[in-house]
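As the structure lists them, so they are numbered: ligands from 1, and atoms in each ligand from 1.
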Amino acid sequence: MGKSSKDKRDAYYRLAKEEGWRARSAYKLLQLDEEFNLFEGVTRVVDLCAAPGSWSQVLSRVLIKGEKFGRAGWQDKQKNMRDYVLGGGSGGEKKEKEEGKQEGDVGGEVEKKVESTPKLTPREGVRIVAIDLQPMSPLDGVTTMRADITHPSTIPLMLKALDPDTYDPTLPTSARSSPVDLVISDGAPDVTGLHDLDIYVQSQLLWAALNLALCVLKPGGKFVAKIFRGKDVDLLFAQLKIVFERVRVAKPRSSRASSIEAFVVCEGFCPPEGFMASLERPLGAGTVLPEPPKSDATKPEKKVTSRVREDGAIEIDLGDETDDEDDVEEGGRRWIAPFLACGDLSAYDSDATYHLPKDRVSLDPVQPPTAPPYKRALEMRKLAGGAYGKTKGRAEKAAS
Ligand SMILES: C[S@@+](CC[C@H](N)C(=O)[O-])C[C@H]1O[C@@H](n2cnc3c(N)ncnc32)[C@H](O)[C@@H]1O
């Protein structure tokens with residue numbers, strides 16, 4: 001697809017270039033944060049499948065620079081404006097205002113000044129590690145790594161990147177603790193268009209991300225990952241619910257309604273007692289979780305069962321232990337992951353086509369891919385003389 005056709009069709013693609021994000025995906029994370037307050041109290045984060053790096057950009061700007069976006073940014077701006085008008089603005093701001101403008105301009109001037117001096121609240125001890133198969137251009141305060149998240153050798157690399165001074169490779173994974181507040185994964189395979197295959201490969205990426213998260217998350221930590229909503233996705237939610245207190249599915253407004261993509265937002269990491277995360281023995285098909293101790297006689301035993309309904313859907317019954325009344329379907333037995341659409345309704349609709357002014361200039365991408373998988377194909381096409389060699393053939397014909 002040409003740059004201009006994408007420009008016309010996709011508001012977030014254009015907006016990302018205008019606002020300096022490396023990819024439109026930045027808005028997905030910002031809209032998820034808007035809904036779930038993902039970054040509250042967070043300082044240590046792992047960003048999996050991070051290239052070209054727009055999610056890491058969001059992390060860097062929010063955690064390291066202390067910028068605020070969305071509703072929080074707007075509220076901050078309103079507060080600054082109020083403080084300024086009521087006399088709380090700094091001397092420097094006032095002086096500039098007095099020097100420049102006449103009485104009637106004050107409103108606009110205040111707005112401009114307040115807008116140009118947002119209060120930044122950087123956090124202490126921030127650590128961000130970003131991993132991808134593709135190389136990533138550097139970002140402020142982000143440690144980038146080129147690695148495969150499905151490969152066991154990635155975990156020691158990640159642990160070392162998180163704590164370069166204290167990391168001890170001689171300790172088994174289970175004995176090392178590098179608590180991380182948040183693990184995010186926007187991993188996606190190169191889609192083939194064959195839905196079942198794409199969903200399967202995507203689920204493998206998700207498993208890899210979850211296994212990495214289980215090894216580094218601190219109790220109470222959060223895990224956010226892209227999923228494709230396929231037939232058996234209920235099973236996945238139920239599995240996540242075993243290690244997280246809250247599991248919700250969210251569809252940000254910047255994610256096209258026509259796509260099967262959504263995000264699981266898991267909060268309150270609470271592995272079952274006795275569970276030791278390890279990449280030497282990762283969770284996967286056939287993994288048996290340890291039996292919870294039966295010492296607490298007051299708690300009813302948790303019995304997870306599943307059955308295939310006539311319509312093919314898999315119904316999971318998590319027993320009667322769920323404490324979140326809202327998550328329970330009528331009858332109180334089957335647990336369903338709540339589904340939320342997020343992002344303000346005033347935000348752009350990612351499926352709509354917006355009218356563009358005639359004199360609009362199409363901007364270049366903020367960070368062109370460093371080594372895209374299609375690079376070789378482009379080189380070969382160029383050698384062949386353009387699209388499928390047609391240009392070359394035509395040029396030769398024209399010359400003869
Ligand atoms: C949709 S992009 C991520 C966009 C990113 N969140 C951003 O905001 O810029 C999906 C990424 O997943 C990466 N990926 C796919 N399989 C991977 C794997 N096994 N290990 C690491 N990264 C992988 C791809 O290289 C690609 O960069």
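- Looking at Ser54, Ala188, Ala51 and measuring to atom 2 (S) of ligand 1, the nearest heavy atom belongs to Ala51.
- Looking at Ile131 next to ligand 1, no N or O pair under 3.5 Å apart turns up.
- For Ala26, no nitrogen or oxygen atom sits less than 3.5 Å from a nitrogen or oxygen atom of ligand 1, counting backbone and side chain alike.
- Looking only at side-chain heavy atoms (C-beta outward), Val62 and Lys68 stay at 4.5 Å or farther from each other.
- Annotation: cation-pi geometry not satisfied between Arg22 and Trp55 (NZ/CZ under 6.0 angstrom from ring centroid, within 45° of ring axis).
- Counting heavy atoms from C-beta on, the side chains of Ile227 and Phe237 come closer than 4.5 Å.
- Checked against a 3.5 angstrom limit, the closest N/O atoms of Trp55 and ligand 1 fall inside it.
- Considering backbone and side-chain N/O of Leu133, one or more are found under 3.5 Å from N/O of ligand 1.
- Taking a 4.0 Å cut-off on heavy atoms, Ser56 fails to register as neighbouring ligand 1.
- Between Lys226 and ligand 1, not a single N/O pair is under 3.5 Å apart.
- A donor-acceptor pair is defined here as one N or O able to donate and one able to accept, closer than 3.5 Å; such a pair exists between the side chain of Gln31 and the backbone of Arg253.
- Considering backbone and side-chain N/O of Gly53, one or more are found under 3.5 Å from N/O of ligand 1.
- Atoms of ligand 1 lying under 4.0 Å from any heavy atom of Ala50, numbered from 1 in the order shown and given with element: 5 (C), 7 (C), 9 (O).
- Under 4.0 Å from ligand 1, the heavy atoms of Ser25 that appear belong solely to its side chain.
- A salt bridge between Asp163 and Arg127 is absent, with no side-chain N of the basic residue lying under 4.0 Å from a carboxylate O of the acidic one.
- The side-chain heavy atoms of Leu206 and Phe228, taken from C-beta on, include no pair separated by under 4.5 Å.
- The shortest heavy-atom distance from Gln134 to ligand 1 is under 4.0 Å.
- Donor-acceptor pairing under 3.5 Å is recorded for the side chains of Tyr27 and Glu19.
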